[in-house]
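Remember, it's a predicted structure, so these values are computed and weren't measured experimentally. Naming: A, B, ... by sequence-line order, numbering from 1 per chain.
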Amino acid sequence: MPDPIKPVIVGVPGPSGSRPDDDLLAGLNEPQREAVTYRGPALLIVAGAGSGKTSVLTRRIASLLRSREAWPSQILAITFTNKAAGEMRERVRGLIGDTAQGMWISTFHSACVRILRREADQFGFTKNFTIYDSGDSRALIKRLVKEHEADAFGFTPASVQGRISKLKNELADAESFARTANLSDPAERVFAEVFADYQRALQRANAFDFDDLIGQTVYLFRAFPHVADVYRRRFRHILVDEYQDTNHAQYALIHELTRPPGSDGQAHDSGMMIFDAPSGGAGGEEAASLTVVGDSDQSIYAFRGADIRNITEFERDYPGAKVVLLEQNYRSTQTILDAANAVIGNNFDRKDKKLWTDVGPGSAIIGFTGYSQHDEAQFVADEVEALHRAGTAYSEMAVFYRTNSQSRALEEIFIRSAVPYKIMGGTKFYERAEIKDAMAYLIAVANPADELSVRRILNRPRRGIGDVTETSIARYAAEEGITFRDALANASALGVGPKIQQAIAHLDAVLAEATEVMLPASGEVAPPTSVTEGLNVLLNKSGYLDALRRSKDPQDEARVENLDELVAVTREFARNNPEGTLLDFLTEVALVSDADDLDDSSGSVSLMTMHTAKGLEFDAVFVTGVEEDLIPHRISANEPGGPQEERRLFYVALTRARKKLHVSLAMTRAQFGEVSAALPSRFLQEIPHELIDWRQSPGDVNSRGGTQSRALNGRPGSGAGRGGFGGGSRYGDDLVPLPRREKPAGDITKFANRIPAKVRDNGDLELAPGDRIRHDDFGEGRVDMITGEGAKRVAHVRFDSAGPKKLLIKIAPIAKL
DNA sequence: TTCAAACGGCTTTTT
DNA sequence: GCCGTTTGAA
């Protein structure tokens with residue numbers, strides 16, 4: 001690596017005219033410019049929602065590179081998601097071209113994996129370690145809870161996992177926990193044992209869980225100062241986005257990296273901050289400069305250990321830090337900002353900060369109250385269609401909800417209404433059983449020490465290997481002092497029946513063959529295409545695919561398709577990573593969440609939780625399920641700081657919208673199969689009522705029309721024809737009415753389950769333009785045209801009372817007249 | 001060991 | 001209303 005050119009510019013450049021940065025500063029307001037150009041040891045950018053922080057961050061990086069203050073390799077930028085990292089990389093490249101190569105722009109987790117893979121052998125791991133996602137670690141914990149009979153003390157796998165995760169986020173480990181815990185309490189003692197065993201199992205499996213990726217990197221830096229110094233010397237400019245959502249471990253990691261190199265031994269073990277202003281002491285080597293960006297109003301991850309104090313006390317942690325405030329919003333209309341400001345203003349312990357814009361008021365927020373969640377979903381679908389007809393692209397619209405389970409009703413209606421959508425996050429591809437199985441096969445090859453993975457594939461497909469045999473293998477391995485995986489090579493010594501011996505020997509042979517493909521013993525490096533090849537060997541020769549194909553369970557057909565998809569992913573990986581290894585592939589899969597997949601151009605409406613929505617923006621936003629017990633969520637109500645965090649979450653949701661914001665709720669909601677009455681969220685009342693134009697207000701639903709089935713008469717106020725204003729009833733001078741509980745029980749059931757769980761199938765119903773049809777909900781109408789092919793044929797229908805709709809012919813509740 | 005049927009519990013948000 | 005777990009039978 002070439003020596004860096006020494007920084008030329010220190011401190012804020014003079015105001016003189018033409019500097020190389022001029023184009024980078026074009027179009028920025030004064031605080032934004034300052035955030036780009038300030039030079040010093042520490043900079044905090046307090047960036048309100050939509051204030052252009054990504055732009056500022058990318059230009060700051062570009063400016064550092066362009067002025068030769070830093071080489072790309074000296075820059076470490078941390079983002080919250082891989083997607084954000086990719087976008088930032090692109091934008092920097094757009095500003096200064098390919099010279100941007102070599103920067104580290106990644107999430108905390110990805111950066112730590114890179115470091116750990118490099119340094120693993122320093123402390124008892126090897127570089128082919130496995131990354132356990134929460135499902136993997138829960139499976140392991142589950143076994144340990146059982147072994148220790150910890151359930152007798154009320155521990156569940158989930159509760160143990162949560163507690164361990166919390167401890168790790170505070171950088172506690174099993175030993176330090178045992179030192180401080182009250183071990184005379186038997187429950188505490190059992191927990192301490194499970195924790196210790198869990199950690200030992202991870203170490204034996206050569207594996208890290210998500211929290212370890214951060215925590216062990218911190219440990220590595222603290223235990224091996226010479227290793228830490230390598231990275232301290234390397235990264236001269238560290239930038240952290242979404243700083244309000246960092247937890248203690250991440251905070252500690254940043255602190256380790258921003259110490260002056262070679263300074264260890266002085267303030268080491270104390271855990272104290274030793275950030276000396278760059279005057280530098282004797283050593284002369286300066287600490288890296290640190291830039292953090294955040295907004296305490298958008299802190300929504302306290303539940304996973306994010307500590308808002310990391311940002312509120314930044315100035316204390318880094319004395320002399322410069323603070324820049326970005327309050328001008330470039331995203332939303334003033335109406336949206338007024339609503340958001342009003343809501344967040346109800347959080348008392350915050351620094352007052354008001355977003356403003358100069359784009360004008362824009363249109364009113366549209367409110368809607370459905371009878372049921374399906375009714376609400378239908379409103380969203382109708383509105384999406386109306387906006388689409390008016391020229392808004394589907395990809396510019398998003399629907400948010402608090403809990404993942406709320407997506408189902410929306411999905412059902414969207415499918416029926418033929419609205420193209422995609423769910424971000426949600427049930428993840430990589431969490432499907434068959435995909436996890438396939439990944440376990442790959443991991444068994446890459447990291448044979450990973451017993452969990454080997455155990456997982458032991459009887460998949462069914463080989464007649466049950467609990468008894470599994471235990472025999474484990475016992476044999478323990479006796480011989482070899483790994484579980486190696487024990488498979490000695491089937492005849494296990495003391496099991498000949499049939500089972502044969503099955504084990506076969507599995508062993510398949511694993512060995514795939515190993516030779518992907519990690520040749522000859523020592524030459526396998527080409528990236530070998531991952532595809534190896535996966536095919538594993539899936540075919542193990543009999544996994546055959547078993548699925550032979551099965552008569554209709555779902556298994558879909559599983560085969562999913563596995564085909566995974567094979568396609570490996571091919572894609574090989575194309576994108578000409579140097580990629582099996583290990584690289586596994587890393588990518590472990591760390592890239594589904595929310596990251598980048599097919600935004602697909603022209604679909606995005607459905608996601610409010611959490612996933614952070615950092616995104618759309619022309620039109622639908623915030624659904626704005627009900628008590630949902631937002632704020634019931635569980636958060638009793639947690640300290642819970643309701644406030646929920647309010648911030650709602651605030652984040654509102655501020656994603658550029659032009660059109662919709663808030664909706666339902667009067668009844670089915671949960672756990674039970675239908676119950678829902679109340680409007682308290683947050684709704686915090687929005688000044690004149691900002692909301694109610695198409696159908698909570699009052700409408702309660703007082704009149706409540707007994708009349710809208711399934712029969714369609715929806716009066718919806719559809720394309722209505723301009724939006726003046727149609728629905730507004731609240732006059734009243735506050736948004738408080739919910740009334742006394743609702744006739746009768747109409748609760750009436751509207752709750754209009755959507756049958758079973759998908760209906762019209763077979764190959766033939767429709768042509770001009771046909772008259774009858775729809776269960778919308779009544780009669782005339783077919784305008786037919787688009788699409790086969791099962792995806794869509795009828796565009798103009799209903800007499802409900803207006804224009806698109807219907808998926810195969811499943812819509814329609815009949816030809 | 002595997003399968004089907006009944007049962008109970010539960011869901012906040014995620015790298 | 002779904003999931004995983006438990007139970008009993010083959």
[X] has an atom [atom1]; how far is it from atom [atom2] of [N], in whole Å?
X         : N       : atom1 : atom2 : value
Ile631(A) : dT13(B) : CD1   : P     : 12 Å
His633(A) : dC10(B) : NE2   : P     : 14 Å
Ile500(A) : dT2(B)  : CD1   : P     : 9 Å
Arg648(A) : dT12(B) : CZ    : P     : 19 Å
Arg647(A) : dT13(B) : CZ    : C1'   : 17 Å

Does [X] make a side-chain N or O approach to OP1 or OP2 of [N] shorter than 4.0 Å?
X         : N       : answer
Asn169(A) : dT15(B) : no
Thr469(A) : dT1(B)  : yes
Thr609(A) : dT14(B) : yes
Asn404(A) : dT13(B) : yes
Asn459(A) : dT2(B)  : yes
Thr612(A) : dT14(B) : yes

Is there a stack between Phe303(A) and dT12(B), judged by ring centres under 5.5 Å and planes under 30°?
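Aromatic stack with dT12(B) absent for Phe303(A).
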
Answer with base, sugar-phosphate or nothing: what part of the nucleic acid does [X] contact at a heavy-atom distance below 4.0 Å?
X         : answer
Arg462(A) : sugar-phosphate
Asp211(A) : nothing
Glu646(A) : base
Tyr301(A) : sugar-phosphate

When you measure from the centre of the six-membered ring of Phe650(A), is the NZ or CZ of Arg647(A) under 6.0 Å away and within 45° of the axis?
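No.
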
With the side chain of [X] defined as its heavy atoms from C-beta on, choose the nearest nucleotide among [options].
X         : options                  : result
Arg408(A) : dT15(B), dC2(C), dT13(B) : dC2(C)
His109(A) : dT15(B), dT12(B), dC2(C) : dT15(B)
Val468(A) : dT1(B), dT15(B), dT11(B) : dT1(B)

Quick check: does any side chain N or O of [X] sit under 3.5 Å from a backbone N or O of [Y], one acting as donor and the other as acceptor?
X         : Y         : answer
Glu628(A) : Ala678(A) : no
Asn310(A) : Gln244(A) : no
Arg656(A) : Val652(A) : yes

Checking only heavy atoms, does the side chain of His611(A) share a donor-acceptor pair with the base of dT13(B) at less than 3.5 Å?
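Yes, the side chain and the base share a sub-3.5 Å donor-acceptor pair.
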
Within the 6.0 Å centroid threshold, strictly below: His662(A) and Phe400(A):
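For His662(A) and Phe400(A), the ring centres are not under 6.0 Å apart.
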
Both Ser134(A) and Gly464(A) contact DNA chain B. Which one's nearest nucleotide lies toward the 5' end?
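In this pair, the answer is Gly464(A).
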
